Visitor: 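The structure that follows is given in the form of structure tokens.
Order of appearance sets the numbers: ligands from 1, and atoms from 1 within every ligand. Note that the structure is a prediction, hence the values are computed from the model and not measured.
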Amino acid sequence: MHWWQRAVLYQIYPRSFQDSNGDGVGDLPGIVRRLPYLAELGVDALWLSPIFVSPMADFGYDISDYTAIDPLFGSMRDFDALLDAAHAQGLKVLLDFVPNHTSDQHPWFVESRASRQSAKRDWYIWRNGAPNGGPPNNWLSEFGGSAWQFDAATDQYYYHAFLAAQPDLNWRNPQVRDAMHDTMRFWLRRGVDGFRVDVIWHLIKDEAFRDNPPNPDFRDGEMPYRRLLPLYSTDRPEVHDIIQGLRAVIDEFPERLLIGEVYLPVERLAAYYGRDLSGAHLPFNFSLLETPWQARAIAALIDRYEAALPDGAWPNWVLGNHDRPRLASRVGDAQMAVAAMLLLTLRGTPTLYYGDEIGMRQAAIAPGQVRDPWEKNVPGFGAGRDGCRTPMQWDGGAHAGFSVAEPWLPVSDDFAACNVARESADPSSLLNLYRRLIALRRTRVALSQGDYRPLAAACDILAYERVVAGDRVLVVLNLGPQPIVYRVPAGTTAENLLISTDSGRDGQKVADSIALRGHEGVVIELCV
Ligand code: TEU
């Protein structure tokens, strides 16, 4: 087994984790200071959202130098110190690799836009306008409006899937591929343990630039980008060759991990493992972010995902990230513990988003405090991502212990009750449940490696087994407020209750049925 199959991954949004120099923005020395917290939580690897030199139009997802640290976060020396300190505590470090687009301030793009004859012209996607005027085709930017930006100086348009300040690279150009492969090698040689690759399903666009068809499911009031199906601008068959190229670079180094960010239905996602598993090790599975929080819907999703996985492909699950509303606000306070138990008992590598382990909620952002360019470009559709990016709540002191200065985004107003210091001291807190679940996952092979066997999905009950030679556990989750009694399947003998979301029950003997309170989840040891 590879380390990442047994691992629990933890996403840090560096701007918001820990400020060490009093500028209100988190930084690398801040992360170093908090490594003991992460080691105690029990996670195995950190993924850092981008820390590279950037004008910050999209908070680091617009990179102008791939091989230098933005001074806002620290220096290369700080990065090396973080890598060493993390490794010394047994934590792997994954970086965010953003190969689809650069910043418009990147020297490559500056050179590319300088003239049609520029040696780097073809590094980006330049097209003439349509014969009757206007952009080359109907493609839309995810962040609002046409995906084509007119450049008066050279009388052509360039393509940007996101902001106009994030021009897309042309991955059909071998020089682009070589340059980007070299940036990967730069970090791999320094010792990073792998990458999370940004919008990997966007990397190649249709060679003929055909118009995207209308989306028959589009409803008024939805995000304008949803008006068309991105058939020709994303998820093209050729993307898998590009990903194979990234994977080949990863495989030049021992035991490195390639994760791909892919927002696609699980049936399409499966292809991102690549032919003969030569693609991403873990194409991120975001399907829980989009599924109604109901037992039947979740059980059906797990079945679809398990069925779609290619032979030998390793699954993974995500409950939150820096682009989506906070878990606590999606499933409701009462279900946070059950959600934690689901994530940490499903088959495959789980990824936690910073702050979800203490139950941070989507913060209210006043109109004057909006920082997210997506929200600014397309206001009123609920696109705003600031509310899930607020400072980590370490304690009940000034600015929640995140910084001595006013933070770049406001601290959520629940920080006096919801913070690490308080929850650490409370055995029944969500944080301590996460710690117990992660520790259990480490000791029970059934949880880290066992097969998944669905048992029940009715009303509010979701039950399944995890089974491996010599170890077998039963997970029962109550997704509703009513108490219920769950009967252990016929022919099965239950032993101890290993963990309940209601602390205090751990270790209880279980007979042939178990009574669960509303919103309770349990993991039970079964006789093998
Ligand atoms: O996100 C892409 C992203 O989340 C959306 O564009 C996604 O396609 C949509 O929600 C699908 O429904 C990545 C980064 O995570 C994000 O922070 C960046 O802003 C974006 O790419 C551009 O780099």
Visitor: Mark up the atoms of ligand 1 that fall under 4.0 Å of a heavy atom belonging to Asp58, in ascending order.
Guide: 18 (C), 19 (O), 20 (C), 22 (C), 23 (O)
Visitor: Can you list the atoms of ligand 1 that are under 4.0 Å from a heavy atom of Arg385?
Guide: 16 (C), 17 (O), 18 (C), 19 (O)
Visitor: Geometry only, no angles: is Trp201 polar-contacting ligand 1 at N/O separations under 3.5 Å?
Guide: no
Visitor: Specify side chain, backbone, both or neither for Arg196, according to which of its non-hydrogen atoms lie closer than 4.0 Å to ligand 1.
Guide: side chain
Visitor: My understanding is that only one of Asp96, Ile12, Leu94 makes a side chain to side chain contact (heavy atoms under 4.5 Å, CB included) with Leu48; could you say which?
Guide: Ile12
Visitor: Counting only nitrogen or oxygen atoms and a 3.5 angstrom limit, does Trp374 reach ligand 1?
Guide: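 It does not: no N or O of Trp374 is found under 3.5 Å from an N or O of ligand 1.
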Visitor: Should you measure from each heavy atom of Asp198, which atoms of ligand 1 turn up under 4.0 Å away?
Guide: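 Per the distance check, 13 (C), 14 (C), 15 (O), 21 (O), 22 (C), 23 (O).
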Visitor: Going by the order shown, which atoms of ligand 1 are within less than 4.0 Å of some heavy atom of Glu142?
Guide: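 Taking each heavy atom of Glu142 in turn, ligand 1 has 5 (C), 6 (O), 7 (C), 8 (O), 9 (C) under 4.0 Å.
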Visitor: Using 30° and 60° as the class boundaries, would you call the ring planes of Trp317 and Tyr305 parallel, tilted or perpendicular?
Guide: perpendicular
Visitor: With a 4.0 Å heavy-atom cut-off (strictly under), which part of His160 contacts ligand 1: side chain, backbone, both or neither?
Guide: neither
Visitor: Throw together a table of side-chain donor-acceptor distances under 3.5 angstrom for residues 291-301, partners on residues two or more places apart or in other chains.
Guide:
| unit_1 | atom_1 | unit_2 | atom_2 | d |
| --- | --- | --- | --- | --- |
| Thr291 | OG1 | Ser287 | O | 2.7 |
| Trp293 | NE1 | Gln335 | OE1 | 2.9 |

Visitor: Under 4.0 Å from a heavy atom of Arg389: which atoms of ligand 1 are those, numbered in the order shown and with their elements?
Guide: 17 (O)
Visitor: Quiz question: by atom type and distance under 3.5 Å, do the side chains of Ser49 and Tyr61 form a donor-acceptor pair?
Guide: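 The answer is yes; a qualifying pair exists.
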Visitor: Is the NZ or CZ atom of Arg326 positioned over Tyr354's six-membered ring, under 6.0 angstrom from the centre and within 45° of the axis?
Guide: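 Because its charged atom sits under 6.0 Å from the ring centre and within 45° of the axis, Arg326 does stack over Tyr354.
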Visitor: Around atom 1 (O) of ligand 1, find the nearest protein heavy atom and jot down its residue, atom name and distance.
Guide: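 Residue, atom and distance for the closest contact: Glu261 OE2, 3.1 Å.
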Visitor: Out of His322, His101, Arg324, whose heavy atom sits nearest atom 12 (O) of ligand 1?
Guide: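 It is Arg324 that holds the nearest heavy atom.
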Visitor: Tell me, please, which residues at least two apart from Tyr37 pass ring pair (Phe, Tyr, Trp, His ring centres under 6.0 Å).
Guide: Trp394
Visitor: Identify, by atom number and element, the atoms of ligand 1 in contact range of Phe143, meaning under 4.0 Å from any of its heavy atoms.
Guide: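 By the 4.0 Å cutoff, the relevant atoms are 19 (O).
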Visitor: Less than 4.0 Å between a side-chain N and a carboxylate O, is that true for Asp323 and Arg389?
Guide: yes
Visitor: So, is Asp323 polar-close to ligand 1, with some N/O to N/O distance under 3.5 Å?
Guide: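 The answer is yes, given that Asp323 and ligand 1 share an N or O pair closer than 3.5 Å.
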Visitor: I'd like to know if the side chain of Arg236 reaches the main chain of Leu231, judged simply by a donor and an acceptor atom lying under 3.5 Å from each other, with no hydrogens or angles considered.
Guide: yes
Visitor: Whether Asp241 and Arg177 form a salt bridge (side-chain N of Lys/Arg under 4.0 Å from carboxylate O of Asp/Glu) is what I want to check.
Guide: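 No salt bridge links Arg177 with Asp241.
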